[in-house]
2 protein chains.
Amino acid sequence: MNDVRWLNSDELQAWKKFVAVVELLPGVLDSQLQRDAELSHFEYFVLAMLSEAPDRTLRMTGLASATNATLPRLSHVVARLEKRGFIERTPCLEDRRATNARLTDVGFEKVVDTAPGHVTTVRENVVDPLTAADVDDLDRIMTRILSTIDPEHRFNPGALGETQPTD
Amino acid sequence: MNDVRWLNSDELQAWKKFVAVVELLPGVLDSQLQRDAELSHFEYFVLAMLSEAPDRTLRMTGLASATNATLPRLSHVVARLEKRGFIERTPCLEDRRATNARLTDVGFEKVVDTAPGHVTTVRENVVDPLTAADVDDLDRIMTRILSTIDPEHRFNPGALGETQPTD
DNA sequence: CCCGATTGGTTGTCGATACAAGCAACGCTA
DNA sequence: TAGCGTTGCTTGTATCGACAACCAATCGGG
């Protein structure tokens, strides 16, 4: 097992910077949301995904997939958000094993109030330092990486149309 | 406060994929290292940074900066790694407030043993799905993002020469 | 139908990080 | 050389996520 293909200089340099971003970015997003809305980025993302769904409702499994989370993690988080009145859980009628998570009116308000500050943070730290070409490159590169690490290949088909206050 | 610049379609799509990668990649790196070496990616990175340093030694603050970590976090992690015999801490002679963290021979062995599997994982999930041009793009984009979020702008000057088994 | 296997979800426990507080050493200024 | 602010690091507490075990409902074959 001595035939290891080490990273060359360019690859190593890019990788180190990528690691730094992956390490630092969550903290940036979390602290703004924590400060302004008492929400972690993941919690915000859960609410945002629900706000886009038909009838603001998604099954736990679907929501887990939309937020790149494991089911146990999501279960804990939704339980907390339910206690705070942002989400309500109801049994699913078609499949009685399943649970529907629905964004309440209060939860929707929360997203609407929180979105502007969050988008500003995303712009300042990620989007605005990039050119339009960079954004295309970023999309292409992330798509390629996701093709390996995304367990469900949700992003491959490449649907998605115009959207709104999403994120 | 109604003059929010929402993300356009391209920006939103790229951002969502980027978020997915930031969410999923740590798990990929952690589980390989946990399985094969009982190390988290952060722990491995700490050992790797030390292995590159002169005399395999760095002050805690320098090591924190090299690994993009806060000092409390690093302090806990180094304490664990010290218990396992990979690192030893000694008081710094020049500045008696400071602590030197040094990679032991056992720790160096650990890095040497662990690096090949880790590099393979990084290749499979990140580098190999990309073209050489993609790697350049990734480097450029991450540099731009870091210029905002890296509290110390370590990556701007753009030094770094050829390197070895690093990472 | 009936039973084993799978799917959907929740819960409990443990380990790890963030944040704040604390302490010791340093260095500047007068 | 005294005092005050800063720097370097450690420790304690509270919170969050991973993992495994678990339960209930559904599906598929005989």
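Letters A, B, ... are given to chains in the order of the sequence lines, protein chains preceding strands, and every chain is numbered from 1. Every value quoted in this text rests on a predicted model; they were computed, and no experiment measured them.
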Whole-Å distance, A:D95 CG to C:dT7 P, equals 12 Å
note: A:Q34, atom CD; C:dC19, atom P; distance rounded to Å ~ 8 Å
Expected list for residues 67-87 of chain A near DNA chain D, using heavy atoms below 4.0 Å, is A:T70, A:P72, A:R73, A:H76, A:V77, A:R80
Considering only heavy side-chain atoms of A:F42, the closest of D:dG17, D:dG8, D:dT26 is D:dG17
*asked:* Using a 4.0 Å heavy-atom cut-off, does B:D30 contact any base of the nucleic acid, only the sugar-phosphate backbone, or nothing at all?
replied: nothing
Nearest-nucleotide check on DNA chain D, B:R97 vs A:S40; residue mapping nearer the 5' end is B:R97
From CD of B:E94 across to C1' of C:dA25 the rounded distance in Å is 14 Å
note: B:E23, atom CD; D:dC16, atom C1'; distance rounded to Å ~ 13 Å
When rounded to whole Å, the CG to P distance for the pair B:L29 and D:dA18 reads 14 Å
- Item | Cationic N near anionic O, under 4.0 Å, A:K16 to B:D139 | no
Atom CZ of B:R59 and atom P of C:dA25 are separated, to the nearest Å, by 15 Å
- prompt: Are any of the side-chain nitrogens in A:D113 or A:K110 under 4.0 Å away from the carboxylate oxygens of its partner?
  reply: no
Salt bridge check, B:E23 against A:R73: does any charged N sit closer than 4.0 Å to a carboxylate O? yes
Has B:R89 got a side-chain N or O lying under 4.0 Å from the OP1 or OP2 atom of D:dT10? yes
Separation of D:dA18 atom P from B:H41 atom NE2, nearest Å, is 17 Å
* Asked: Yes or no on side chain to side chain contact (heavy atoms under 4.5 Å, CB included) for B:W6 and B:V4, after CA distance, side-chain angles and deciding distance?
  -> CA-CA 6 Å; B:W6 300 108; B:V4 184; 4.2 Å; yes
Separation of C:dA24 atom P from B:M60 atom CE, nearest Å, is 18 Å
Notebook entry, point to check: Is there a side-chain polar atom (N or O) of A:R96 under 4.0 Å from OP1 or OP2 of D:dT26?
Noted result: yes
Sorted by chain and number, sequence neighbours left out, side chain to side chain contact (heavy atoms under 4.5 Å, CB included) with A:R84 holds for A:E38, A:L39, A:E43, A:F86
Between B:L50 and B:R102 the two heavy atoms that sit nearest each other are CD1-C, 4.4 Å
Any donor and acceptor pair, going by atom type alone, linking the side chain of B:T114 with main-chain N or O of B:A37 inside 3.5 Å?
-> no
